[in-house]
Enquirer: 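To start, I am sharing the structure in question, which I have written as structure tokens.
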Amino acid sequence: MVKKMFYNWKSWWTAHRNRNYFVFKLAVSVLVVGIAFRLLYGRSLEISPVSDNPFLETTQISIPPVVSVNSQEENAHQIALQGYGKTSSENGKKCDLFTGNWIPNAAGPIYTNNSCSFIEEHQNCLKNGRPDTRYLYWRWKPRGCDLPRFDPGRFLDLMRNKSWALIGDSISRNHVQSLLCMLSTVEQAVEVYHDENYKFRRWVFPSHNFTVSVIWSPFLAEAAIFEDMNGVSSSEIELQLDRLDKNWTEQYKNWDYMIFSSGKWFVKAAIYYENNTILGCHYCPKLNVTELGIEFAYRTVIRNVFKYIIASKHKGMIFYRTSTPDHFENGEWFSGGVCERKVPAKEGEFKLNELNKILRAVELEEFEKASSKASENGVTLKLFDVNPLSLLRPDGHPGPYRFFQPFAKDKNAKVIIDCLHWCLPGPIDSWNDLLMEMIKSS
Ligand SMILES: *[C@@H]1O[C@H](CO)[C@@H](O)[C@H](O)[C@H]1NC(C)=O
Ligand SMILES: *[C@@H]1O[C@H](CO)[C@@H](O)[C@H](O)[C@H]1NC(C)=O
Ligand SMILES: *[C@@H]1O[C@H](CO)[C@@H](O)[C@H](O)[C@H]1NC(C)=O
Ligand SMILES: *[C@@H]1O[C@H](CO)[C@@H](O)[C@H](O)[C@H]1NC(C)=O
Ligand SMILES: *[C@@H]1O[C@H](CO)[C@@H](O)[C@H](O)[C@H]1NC(C)=O
Ligand SMILES: *[C@@H]1O[C@H](CO)[C@@H](O)[C@H](O)[C@H]1NC(C)=O
């Protein structure tokens, strides 16, 4: 079932850091919200408050059709997948950790905007002046059981002599910071490594001999990315569909726990290679190359990742985290979309957009196929399905408070709105409640 959809898109984005203004030259797919990563991805993107009006230039370009997801099929997968996050509840029945709702939690977060030094400026919403705080007072309640709060002391004790790696894109970085903040209420993490651009980092909790790494691998596969420090792309990404990124495979055997994730980077213009030969591309109108589409590339890479994991016979625990949705309302990130909600959404209020549906279908289908093979091979592979619970938290993003005091000089200042990453503290902290529960019950 192929539904034809055409979108206007393609973006060039230039941020002149020193002169402190942005020049946008865009025409972006409604679908391609994920390209916001280009804007939002860098720690290095330390641009001071932007109050200059970015200008938008939109051009209509049609791109090849995107195969839409058959929703019946998707439902079938949902049903087939129920049970991957199961844990025991008090009455002995199994409970799906990832189905539930957000309930009020008067206790609030265990760390604050100024007690944790690991929070990236762009996600330190309170420090940046976000005025409302209700979004901090919720916890995830799985249907049919109670999810205990993350216990940093207990977690550190369980992790003595162990190592973790979070492997993926800027959402993985967002998550590692949440984990470090929560653990640092018990023992301060010490950074022991970072690369030049702070994309690969490692911390140690010395008295527990516990190591946490974050690995920048937005495609999980080998990719040449032609973007400068400001996220300005000078050429299509060259993605090797059949080669995994050595930046994680070379260290794979050393980690006891891993969380893999990918997703949004696959929307970017890319040339796909297999066996060093061009196979096709996604959005390359200037080249005489077959459009293969996001779904094809994503599925190929995710499948290869699982193949590698299954073949590894690794004794550790491997989590596959589903990708998370964004919450731009009344527009997209480039067309005035905002996320101004103050409380969680009700179930069904937000639907995944077409892009997120495509990604999710691939993730669930490929995980399902990999899961039984993994257990046959003695590999512990778990689905960390944070997508549905994240969909209910449109209130948890920085929005304009990605920047420090964005409206201090001008109440109507036009700033980049981030409805994709999560405020810290914020809803992403609950991911650690879930991880703890999954580790305890395994
Ligand atoms: C955030 O930090 C500021 C100081 O930087 C402090 O005054 C405020 O109480 C903190 N907010 C919360 C909710 O912890
Ligand atoms: C951690 O490693 C040290 C040194 O190898 C060892 O003495 C200790 O028993 C280990 N602790 C655990 C919980 O594995
Ligand atoms: C720390 O843990 C590693 C295993 O991850 C172990 O080889 C090493 O001996 C431990 N060191 C100490 C000081 O316990
Ligand atoms: C892997 O790391 C190397 C060196 O840090 C870097 O040049 C390369 O681009 C990285 N690969 C990806 C896919 O980011
Ligand atoms: C890969 O390409 C080489 C030539 O560059 C060829 O000899 C080989 O058969 C190819 N392998 C596959 C699996 O297609
Ligand atoms: C594009 O490639 C096809 C086959 O590879 C070729 O027949 C066609 O002439 C090419 N078109 C252009 C404009 O180069």
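Numbering of ligands and ligand atoms starts at 1, following listing order.
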Enquirer: Give me the nearest non-hydrogen protein atom to atom 8 (C) of ligand 5 as residue plus atom name, then the distance to 0.1 Å.
Expert: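 Its nearest protein heavy-atom neighbour is N275 ND2, 3.7 Å.
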Enquirer: Which residue and atom name correspond to the protein heavy atom nearest atom 13 (C) of ligand 2, and how close is it?
Expert: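 Minimum-distance protein heavy atom for atom 13 (C) of ligand 2 reads R160 CD, 3.9 Å.
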Enquirer: Atom 5 (O) of ligand 2: protein heavy atom closer than 4.0 Å?
Expert: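 Within 4.0 Å: no protein heavy atom nearby.
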Enquirer: Report the residue from E291, E236, K268 that forms a side-chain hydrogen bond (donor to acceptor under 3.5 Å, both in side chains) with H282.
Expert: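 Single pass found, and it is E291.
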Enquirer: For F319 together with W431, are the ring centres under 6.0 Å from each other?
Expert: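 W431 vs F319: aromatic centres not under 6.0 Å.
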Enquirer: Is there at least one pair of N or O atoms, one from N209 and one from ligand 2, spaced under 3.5 Å apart?
Expert: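 There is no such contact.
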Enquirer: List the steps and the verdict of side chain to side chain contact (heavy atoms under 4.5 Å, CB included) for V176 and W164.
Expert: CA-CA 10 Å; V176 88; W164 276 73; over 6 Å; no
Enquirer: Protein non-hydrogen atoms only, distance under 4.0 Å: does atom 2 (O) of ligand 5 have such a neighbour?
Expert: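 Yes, at least one protein heavy atom sits under 4.0 Å from atom 2 (O) of ligand 5.
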Enquirer: Assess the pair W102 and W140: is the distance between their ring centroids shorter than 6.0 Å?
Expert: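 Ring centres of W140 and W102 closer than 6.0 Å.
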Enquirer: Look up atom 11 (N) of ligand 5 and tell me if a protein heavy atom lies less than 4.0 Å from it?
Expert: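 Under the 4.0 Å cut-off, atom 11 (N) of ligand 5 does have protein heavy-atom neighbours.
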Enquirer: For N161, counting its heavy atoms only, list the atoms of ligand 2 lying under 4.0 Å from any of them.
Expert: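 The list of qualifying atoms is 1 (C), 2 (O), 3 (C), 8 (C), 10 (C), 11 (N), 12 (C), 14 (O).
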Enquirer: Is there a side chain to side chain contact (heavy atoms under 4.5 Å, CB included) between R393 and Y135? Walk through the geometry before answering.
Expert: CA-CA 9 Å; R393 294 307 305 270; Y135 70 97; 4.0 Å; yes
Enquirer: Establish, yes or no, whether a centroid distance under 6.0 Å links the rings of H421 and H122.
Expert: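 Judged by ring-centre distance (under 6.0 Å), H421 and H122 do not meet the cut-off.
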